[in-house]
2 protein chains.
Amino acid sequence: MSRPPTAPPTLEDVARVAGVSRATVSRVVNGTRNVDHKIQEVVRAAIDKTGYAPNRAARSLVTKRAGTIALVVSGAGDPGEEDAFAARVFADPFFGRVASGVLGFLRTRNVHPVLMVADTERAREDVMGFLRQGSADGALLVSTHAEDPLPARLVEAELPAVLFARPARPVPISYVDLDHQAGAKLAADRLVGAGRTQVATVTGPLDVPASQDRLTGFRDAMARHGFPYVPIAEGGFTSASGEAATERLLAEHPGIDGLFAANDLMAQGALLVLQKHGRRVPEDVAVVGFDDSNPALVCRPRLTTVRQPVEDMAAEMARLLLTHVDQPGLPPKSVIFDPALVVRESG
Amino acid sequence: MSRPPTAPPTLEDVARVAGVSRATVSRVVNGTRNVDHKIQEVVRAAIDKTGYAPNRAARSLVTKRAGTIALVVSGAGDPGEEDAFAARVFADPFFGRVASGVLGFLRTRNVHPVLMVADTERAREDVMGFLRQGSADGALLVSTHAEDPLPARLVEAELPAVLFARPARPVPISYVDLDHQAGAKLAADRLVGAGRTQVATVTGPLDVPASQDRLTGFRDAMARHGFPYVPIAEGGFTSASGEAATERLLAEHPGIDGLFAANDLMAQGALLVLQKHGRRVPEDVAVVGFDDSNPALVCRPRLTTVRQPVEDMAAEMARLLLTHVDQPGLPPKSVIFDPALVVRESG
DNA sequence: CTGAAAGCGCTAACAG
DNA sequence: CTGTTAGCGCTTTCAG
């Protein structure tokens, strides 16, 4: 009764109640073997009685493990528009899927993700500081633009990190990715398989490797089908940009009968524009999206799309990071996932 | 050169380089006044030179502040379907907006949010443990169902916490919320102002206070306009549930010419069904949504909707939490935001 | 205004 | 198998 009742119980308190030493209590708390069964029970009772919960700061201080990782979304962030970046990013169902996958993997492992956005130099320094402070044991990075300096800084600082998607500039760092070219091929095959002969594509931002790969893969596959030229319009992975791109495409190539959009959001925008111009989907023009995210199910007609197993990829990313945390110095590794075609009504 | 170059520099290292004591370095790092200007500069130089970053665990151990808060999404989670809950939740644009608002507020305050989902008893205990461990200084709670036991446990444990939305069961805890009734009234006024006389509503899950309040507010406003009876169909805040509810409504009340959906996702579903049944929107039936989230902009026609300033509310939630963390024992407080009607094409 | 010293709560050798 | 003993890196009285 000497300490105020508000102070949380410590190992010492439990030890006193159980009549053993701190070390013993620590052993049973941490599940170390080598503790007599009877004593274990006594200790456990004492823990219950005191309501003890180990103090994570104290533990971290000695184990040098935070038990948290940083989940960072990094991107351009127009100066003065910082919050807008976060808003845009979190409005994209893609990030929800990443978060969901990461959480699903981490939840049983007693590691927790700290959400961070790195859209300005200041924010990037925050992220680096956070990691160097040991506040997180490593970083999961989802980059939305090509010139992101974070991957390079992370490897330079020798901080454990895993990216979602191959970095635009080559950097020796682990990442998970999709075989985008194979995915685009799936779309091309579907479109020409359905008899489409005037096929165009709405690409993602072309400084992003994934966009490049989807375009390349699509073109290659079309070429192999005997179509040497594919009209393209560049979008920005948003619904609005998909609309704009489709308008341009339609203006220059009114005869198109097939469309591949590099993600579902843009495909959704394309659908809107197509309908506005009186084109029936899929009768007049078939459209295939990419991702298989929520919008694909909500729009009408429902989207035929190339599925990217984002949750699985995110989980793998977390798994990889944890191995890097446990085994510093492990060489970078990449894990590539296979896409799958999901056929619905649009194409 | 005695320690391995991999070990991060400590206060001690900086002190040695600067030729001062640890305490002095600590003072300049923490911006305490009372330090000679010249010495400050020397110390700062030493910090730069060594690349020092304060160890957060060590700091937390003594300050009893984690510098992080928990951002927890809590909900039902069908047994065996844990991950599905997270997936569903993160697919909802609403949560992205919450995250965005929280991050926007926290980013300049050197506090970071840890993402957690509490959909099972085990997960709830994790959350409680996390907080009691001092891993986070408090919790921001977004609850998706009425029977959530977390709010009560949080107050019982005297842990700083703020909810998004008033809890279903009365609990002395801080929260931010919207004046849902006022929002619903905005929708009713709009609909009857546009001459609609057969108005129905798709509600949210009726065990959730927000759904209740929107329904009550809507009914009251309609009654004041002279319409004593409003057909309703209950939905679950998802697009699919909105479709189903609208189907039911149309089957029983084919003559409706106005529809209020308790969120945009359901309104989006309603649009689909209405169009499928050949009803033009807004000519044949006007529809008004709620939230003003992303789907409202993407669907066609674009949704007239009641705006909920989610980002601002989330920011306020974070602000409130921080005051509770700084001043334990402060009485619970509620902050209620005003809705606004956003007129677009649907109604 | 600065330094010395005492811990914060925990884990990890190291003895016994 | 259990207890003793050092710290982990930092903040914070308390002297000077």
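Both backbone and side-chain heavy atoms feed into the values below; hydrogens, waters and symmetry mates do not. Sequence lines set the chain letters: A, B, ... in the order given, protein chains first and strands last, and positions in each chain run from 1. Since the model is a prediction, treat every value here as computed from it, not as a measurement.
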>> Please check this pair: side chain of B:T68 against backbone of B:S135, looking for a donor-acceptor N/O pair closer than 3.5 Å.
In response: yes
> Restricting to pairs with a member in residues 311-332 of chain B, which pass ring-ring contact (aromatic ring centres under 6.0 Å, His included), not counting sequence neighbours?
Replying inline: none
>> Going by ring-ring contact (aromatic ring centres under 6.0 Å, His included), name the pairs with one or both residues in residues 50-75 of chain A, residues two or more places apart or in two chains.
In response: none
>> Keeping B:S174 on the side-chain end and B:S334 on the backbone end, is there a donor-acceptor pair under 3.5 Å?
In response: no
> Do any pairs count as a ring-ring contact (aromatic ring centres under 6.0 Å, His included) and have a residue in residues 105-158 of chain A, sequence neighbours left out, and if so which ones?
Replying inline: A:H112-B:F130, A:F130-B:H112
> Can a side chain N or O of A:T24 be found less than 4.0 Å away from OP1 or OP2 on D:dG3?
Replying inline: yes
> Is B:D119 reaching over with its side chain to a backbone N or O of B:G75, donor-acceptor style, under 3.5 angstrom?
Replying inline: no
>> Pick the closest DNA chain C nucleotide for B:A58 and for B:I39 by heavy atoms, then say which residue is nearer the 5' end.
In response: B:I39
>> What is the separation between atom CG on A:N55 and atom P on D:dC10, rounded to the nearest whole Å?
In response: 16 Å
>> Which nucleotide wins on minimum distance to the side chain of B:V20, given the candidates C:dG3, D:dG3, D:dC10?
In response: C:dG3
> D:dT4 C1' sits how many Å from A:L11 CG, rounded?
Replying inline: 14 Å
Collect all protein-nucleotide pairs involving nucleotides 14-16 of chain D in which both atoms are nitrogen or oxygen and the distance is under 3.5 Å.
none

>> Rounded to whole Å, how long is the line connecting atom CZ of A:R56 with atom P of C:dC10?
In response: 13 Å
>> What is the distance, to the nearest angstrom, from the CZ atom on A:R16 to the P atom on C:dG9?
In response: 12 Å
> Which heavy-atom pair separates A:L11 from A:S26 by the least distance, and what is that distance?
Replying inline: CD2-CB, 4.0 Å
> So what does B:V29 hit on the nucleic acid, given a heavy-atom distance under 4.0 Å: a base, only sugar-phosphate, or nothing?
Replying inline: nothing
> Do any side-chain nitrogens or oxygens of B:K64 fall under 4.0 Å of OP1 or OP2 in C:dG9?
Replying inline: yes
> Over how many whole Å does the gap from A:H37 atom NE2 to D:dC1 atom P extend?
Replying inline: 10 Å
>> Of the options C:dG3, D:dC10, C:dC10, whose atoms approach the side-chain atoms of A:R59 most closely?
In response: C:dC10
> Does the side chain of A:P113 come within less than 4.5 Å of A:L140's, by heavy atoms?
Replying inline: no
> From C:dG3, C:dC10, D:dC10, pick the nucleotide closest to the side chain of B:T10?
Replying inline: D:dC10
> Taking five pairs at each end of the helix from C:dC1-D:dG16 to C:dG16-D:dC1, what angle separates the two helix axes (nearest 10°)?
Replying inline: 40°
> To the nearest angstrom, how far is B:E12 atom CD from C:dA6 atom P?
Replying inline: 15 Å
>> Without decimals, in angstroms, what is the distance between A:R22 CZ and D:dT2 P?
In response: 17 Å
> What nucleotide among D:dT2, C:dG9, D:dT4 has an atom nearest to a side-chain atom of A:A23?
Replying inline: D:dT4
>> Whole angstroms only, please: what is the CZ-P distance between B:R65 and C:dC8?
In response: 18 Å
> Does some side-chain heavy atom of B:M128 sit less than 4.5 Å from a side-chain heavy atom of B:L150?
Replying inline: yes
> With B:F164, which residues qualify under ring-ring contact (aromatic ring centres under 6.0 Å, His included), at least two apart?
Replying inline: B:F94
> Below 4.0 angstrom from OP1 or OP2 of D:dT11, is there any side-chain N or O of B:S26?
Replying inline: yes
